[in-house]
Amino acid sequence: MELTEKKFKMPGNIRRRKLVNSVMIILCVIAGIITILPLLYIFFYTTKSGITSLNLDFFINMPKPVGEEGGGMANAIVGSIILIGIGSLIGIPVGVMSGIYISEYSKNITAFIIKFVTDILSGIPSIIIGIFAYGLIVINMQRFSALAGGFALGILMIPTITKVTEEMLKLVPQSIREASLALGVSRWKTVLRIALTTASSGIITGILLAIARAAGETAPLLFTAFGNSFWQTEIDQPIAALPLQIFAYAISPYEDWHRQAWAGAFVLILLVFVINLIVRFVTRNKFSGNQ
Amino acid sequence: MENDTIITDTIDDSEDIHDSGKHDTADTKTALRTINLSVKFFDKLAIKNINIRVKKNNVAAIIGPSGCGKSTFLRSINLMHDLTPGAKVYGDIYVHNEHITDNNVVDLRKKVGMVFQKPNPFPTMSIYDNVAAGLKLNGIRNKSLFDETVEKNLTYTGLWDEVKDRLKSPAISLSGGQQQRLCIARTIAVKPEIILMDEPTSALDPVSTSKIEELIINFKKHYTIIIVTHNMQQAGRISDYTAFFYLGKLVEYSRTRRLFTNPREKLTEEYVTGKFG
Ligand SMILES: Nc1ncnc2c1ncn2[C@@H]1O[C@H](COP(=O)(O)OP(=O)(O)OP(=O)(O)O)[C@@H](O)[C@H]1O
Ligand SMILES: [Mg+2]
């Protein structure tokens with residue numbers, strides 16, 4: 001190193017370039033740290049505060065009145081799983097199919113409109129989606145229900161999934177589709193068995209993001225699923241949900257409930273993590289596609 | 001065989017029946033015939049009034065400088081332009097005496113296979129699955145048929161010995177030239193009647209190239225092959241007829257030996273002797 005520097009004197013502009021290069025690298029590293037820090041902080045703080053109140057009771061018991069020991073959030077955990085399930089049943093097929101439509105069949109104005117509307121939908125505050133579900137389902141059924149909550153979550157998931165599906169499909173080279181078509185494979189089979197499979201790992205990532213976001217939503221559930229302090233798994237009845245329960249407990253004046261809220265927050269993160277693992281495991285592909 | 005055919009780019013200046021613009025339905029020797037075939041991309045004409053007749057069990061080579069419309073011509077035969085934005089195809093194409101738009105496009109593409117200019121294996125599939133893809137995607141479920149098809153076609157393309165121990169590894173782990181031979185195997189595995197090949201050997205080493213040329217010559221017995229190539233020695237070695245394209249027009253279509261030794265057109269002579277292009 002020293003030798004080279006003695007032998008070849010670097011011209012000034014190369015020195016400047018090297019300096020600019022180092023400065024940019026340092027800035028990028030700092031930006032990276034700024035991104036990771038809050039995440040790590042949230043994760044560790046929630047774990048630290050939540051894990052101490054976490055025990056088996058929390059998973060299998062119902063909430064208990066203030067002062068009684070050993071209450072849990074079994075109903076809210078199951079409620080959240082049901083709500084996410086209903087939301088996924090609505091959001092995933094609709095999102096994936098409209099993504100396919102935009103990417104594969106879009107030559108016309110319909111696709112443009114769908115794309116435009118999806119973009120707008122993704123910017124609508126989630127509470128408005130809740131009001132929409134309230135107007136459409138709660139008022140007609142004349143009661144709060146898991147169905148209404150799941151519906152709201154499903155609508156919330158659609159734009160993310162549509163966008164990701166469209167973008168991942170666009171990354172699949174046209175030549176791969178042509179290879180399939182040239183073998184005498186029909187158009188729809190080419191889309192499903194070739195394009196979608198090639199894009200699948202990216203699409204699955206998008207679906208998981210949408211699920212994770214929906215799992216933590218509180219606002220759209222306030223006047224749809226409503227919450228329930230009892231064990232309830234019928235989809236036409238009001239149902240408990242972790243975010244609602246966490247909210248209720250966190251604003252209560254009781255120390256004991258605060259601890260439970262932390263535990264709830266921790267379980268919510270855990271739940272998203274577990275769903276992630278399960279989906280990854282079930283959909284694992286021998287070779288990843290464009291990811 | 002018969003007398004040489006010359007087909008030029010307009011209907012009027014030839015007395016040859018192939019240029020008459022009329023289609024003879026009793027003709028059983030012809031595998032492919034195009035009548036006034038033109039392709040436009042948006043408003044730009046890429047090929048103009050191409051009239052060509054390829055006989056069954058023949059190899060036709062297409063030569064010409066880059067951008068002269070060779071791929072465009074080839075891709076119109078299996079209706080690959082259907083999905084290209086802005087592409088419009090004019091004129092008539094007959095495959096085995098049937099107008100290509102008379103039947104289902106899927107059936108046409110089963111009859112007319114294509115090897116593309118750039119290797120395009122299915123990235124999520126193994127080597128094995130790539131070769132069997134045409135069968136599998138068309139609903140066949142017969143493991144022993146797959147095994148047989150994979151071994152046979154990989155042997156044809158000279159890839160079997162190189163990959164027989166890792167048939168389950170991803171196709172994209174192969175080198176570029178191996179991928180191209182895999183794509184050729186995938187195409188011939190579905191037994192098309194006509195095989196369109198767009199510079200199939202441009203990425204191959206001399207040994208693999210001669211394997212593919214051998215394959216083409218052997219396949220002539222059962223198939224009709226139309227091959228685009230930049231390699232004139234190759235055209236000379238394997239083809240019966242050669243078409244010379246220039247700026248989107250068919251300048252000359254003659255028996256290969258004639259085209260290279262005694263071309264009708266001055267332009268052809270200049271091109272094959274390397275004066276331009
Ligand atoms: N999808 C497309 N959109 C617009 N123009 C195109 C498209 N495909 C081809 N062209 C144009 O059509 C002309 C012919 O292209 P083509 O690919 O057929 O050339 P080629 O003879 O195969 O060349 P090469 O030997 O380099 O492969 C070129 O001018 C090209 O720019
Ligand atoms: Mg080409």
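Here is the naming used below: chain letters follow the sequence lines, and residue numbers restart at 1 for every chain. Computed from a prediction, not measured in an experiment: that's the story for all the values here.
A heavy-atom distance below 4.5 Å is found between the side chains of Gln174(A) and Leu83(B).
Chain B forms the most heavy-atom pairs under 4.5 Å with one residue out of Pro173(A), Ser186(A), Ala182(A), and that residue is Ala182(A). Ranked by heavy-atom pairs shorter than 4.5 Å toward chain A, the options Leu196(B), Asp107(B), Thr187(B), Val106(B) are led by Val106(B). Chosen from Val190(B), Asn138(B), Val105(B), Asn104(B), the residue pairing most often with chain A at heavy-atom distances under 4.5 Å is Asn138(B).
In this structure, the separation between CZ on Phe122(B) and CD1 on Ile176(A) is 7.0 Å, given to the nearest 0.5 Å. In this structure, CE in Met80(B) is found 12.5 Å from CZ in Arg177(A), a value given to the nearest 0.5 Å. Rounded to the nearest 0.5 angstrom, Arg109(B) CZ and Leu181(A) CG are separated by 5.0 Å. From Met125(B), atom CE reaches atom OG1 of Thr197(A) across 7.0 Å, with rounding to the nearest 0.5 Å.
Proximity to chain A (any heavy atom under 4.5 Å) is restricted, for Arg75(B), to the side chain, taken from C-beta onward. Heavy atoms of Val112(B) lying under 4.5 Å from chain A belong exclusively to its backbone. Heavy atoms of Thr190(A) lying under 4.5 Å from chain B are absent altogether. For Asn78(B), the part lying near chain A is the side chain, with the backbone staying farther off; criterion is any non-hydrogen pair under 4.5 Å. Neither the backbone nor the side chain of Pro192(B) comes within contact range of chain A, judged by heavy atoms closer than 4.5 Å.
For Asn21(A), the CG atom is densely surrounded, since the number of other residues' heavy atoms within 6.0 Å is greater than 12. Counting heavy-atom neighbours within 6.0 Å of Phe112(A) CZ, excluding the residue itself, gives a total of 12 or less. Within 6.0 Å of the NZ atom in Lys111(B), the count of heavy atoms belonging to other residues, nucleotides or ligands exceeds 12. Other residues, nucleotides and ligands place more than 12 heavy atoms under 6.0 Å from the CZ atom of Phe41(B). No more than 12 heavy atoms of other residues, nucleotides or ligands shown are found within 6.0 angstrom of NZ on Lys88(B). Other residues, nucleotides and ligands contribute more than 12 heavy atoms inside 6.0 Å of the NZ atom of Lys136(B).
Across every non-hydrogen atom of Asn120(B) and Ala179(A), the tightest pair is ND2-CB, 3.4 Å. For Lys189(A) against Leu137(B), the heavy-atom pair with the smallest separation is NZ-O, 2.7 Å.
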